Amino acid sequence: MPSYRHRVCVIAGLWVLAHLSPGGPAAGAQAPASPGAGPDLQAGAANLQWWREARFGLFIHWGPVSLKGTEIGWSRGAQVPTEEYDELYRQFNPTRFDADEWVRIAQDAGMKYLVITSKHHDGFCIWDTKFTDYNIMHTPFGRDVLKELAAACKERGIAFCTYHSICDWYHPDYPLGSPGGKTPKPHPNMDRYNQYLKNQVAELIRNYGPLGILWFDGEWEKPWTQERGIDLYRHIRSLQPSIIVNNRVGVGRAGMEGSTAAGAFAGDYDTPEQRIGKFQKDRPWETNMTICRQWAWKPDDQMKSLTECIQTLVRVVGGDGNFLLNVGPMPDGRIEPRQVDRLREMGAWLRQYGETIYGTRGGPIKTTAQIATTYRNNAIFVHILAWPGDAITLPALPKRVVDSSLLTGGKVSVRQTKDGIEIRVPPDDRQEIDTIVKLEMDGPAVDIEPVALAAVSPAPGKAR
Ligand code: FHN
């Protein structure tokens, strides 16, 4: 994985931008603005609202490399010789690709937005771009995948979004090449590459937009700078003011942890990768994670269990984040049936318990190994993911529990004292994946200051 260069710009010239949180200025002192960065570079709370309520999206990493079953971008010049990798597109013919089927799979999974790699680090473009012939129209398949997906998303009411890599180990003008950005190109021209990048971003927005999100990546390498990042943010905002852009365009992202260096320009949200982000309500965030181990298609890759998928979703939303779950479609254009089954199982769970996920905020009790909480209006949803003993004891809250119910079925007893709230559910009514208790409070849960629960390790034999 990339070794990140944390070239966070000089804090003295940076700006903590207003309205990072939905409700208004972010916490934290006002620092001098970074060159060219300001609130006008952000989507704003109103444009983020649909995304924060959506909570769950499908990530797709796909390209001719699926013919090899190795990792997109990273295997170029590593497991797959560069010359061979760059010729794969000439045999790429995913005849079983069906855009409407992919979007239906996302919809059936309970996902509300779809982010697909328009171009990954390997430089291959899966749309009819006028700026390079290294694209899907020059393959035996010859169809514009982005055009078909954008139409299918529009038809089914799923937000269409694209992932676009800033680094490009194929393009002759980008200074670094494969493997993994470790080799120099012979005659690079970064300014010309930068224009190519901006031209293609404009194509994506103008021809396939309006896009829900432009999900950037590959900003960590030396040729990219904060100034180029600010310029790219400004370019995007000028093309579609409402678009949401992540924090991987400036150079302030803290590696896989995905947060943004204090004071650095943050884009619209943080991007913890392959992990559950920390509890954070003052800046939007989204965990991006693979359903298997590899981002792109890999035969017989290890796939996450339903318990892990659901509990990750619950823990992420409990931390006030979104969950972007990735599949790598096969070279014939299908999403692997066992992955489709997993996504369908998640959708079945969300059809039953989605009220505890969609349109909720994280907290007010912070996630632990045993529980996560989400809330909406006066309701707090306590997701019990493991049982340390016969009861779960929550910290004292400043509002009164006026009613309670066990959304997952069965009986629950709730006892509130000045010291805390004790929850008991008979073992037979406890769910393997998530036992959900709804607490109806005597006022809005948003007024409750987030509170940590002392972690309790499960008593022996009491894991459930
Ligand atoms: O190198 C990429 C990787 O292939 C994948 O696209 C992930 C998704 O967040 N981002 C980079 C690794 O951090």
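Quick caveat: nothing in here was measured; it's all calculated off a predicted structure. Counting convention: from 1, in listed order, for ligands and their atoms alike.
At least one N or O atom of D217 sits closer than 3.5 Å to an N or O atom of ligand 1. The shortest N or O to N or O distance between W74 and ligand 1 is below 3.5 Å. The shortest N/O to N/O separation between H121 and ligand 1 falls below 3.5 Å.
No part of F216 comes within 4.0 Å of ligand 1, judged by heavy-atom distances. At a 4.0 Å heavy-atom cut-off, ligand 1 does not touch E71 at all. Neither the backbone nor the side chain of R253 has a heavy atom within less than 4.0 Å of ligand 1.
T271 and R253 are not linked by any side-chain donor-acceptor pair at a separation below 3.5 angstrom, with hydrogens and angles left out of the test. Using modelled atom types, one finds a donor on one side chain and an acceptor on the other under 3.5 Å when comparing E221 with W169. Using a 3.5 Å distance cut-off with no hydrogens or angles, the side chains of D270 and T260 do pair a donor with an acceptor. Looking at H121 and S165, their side chains do bring a donor and an acceptor atom within 3.5 Å of each other. Checked by atom type, the side-chain pair N322/Y113 shows a donor-acceptor distance below 3.5 Å.
In summary, the atoms of ligand 1 found under 4.0 Å from a heavy atom of Y163, numbered by their order in the structure, are 6 (O). Taking a cut-off of under 4.0 Å to the non-hydrogen atoms of M256, the atoms of ligand 1 that pass are 13 (O). The atoms of ligand 1 that sit less than 4.0 Å from any heavy atom of H61 are 5 (C), 6 (O). Residue-ligand proximity, W215 to ligand 1, at heavy-atom distances under 4.0 Å covers atoms 9 (O). Listed by number with element, the atoms of ligand 1 under 4.0 Å from a non-hydrogen atom of W220 are 1 (O). Residue N288 approaches ligand 1 through these ligand atoms, each under 4.0 Å from one of its heavy atoms: 8 (C), 9 (O).
Under the 4.0 Å criterion applied to side-chain N and carboxylate O atoms, R248 and D217 are assigned as salt-bridge partners. Looking at R228 and D231, no side-chain N of the basic residue comes within less than 4.0 Å of a carboxylate O on the acidic one, giving no salt bridge.
Of the candidates E219, M289, E273, Q294, E273 brings a heavy atom nearest to atom 12 (C) of ligand 1.
For the residue pair D434 and T408, the shortest heavy atom distance occurs at O-CG2, 3.4 Å.
Heavy-atom distances between R248 and ligand 1 reach below 4.0 Å in at least one pair.
Listed by chain and residue number, N199 satisfy the side-chain hydrogen bond (donor to acceptor under 3.5 Å, both in side chains) test with Q195 (two or more places apart in sequence, or in another chain).
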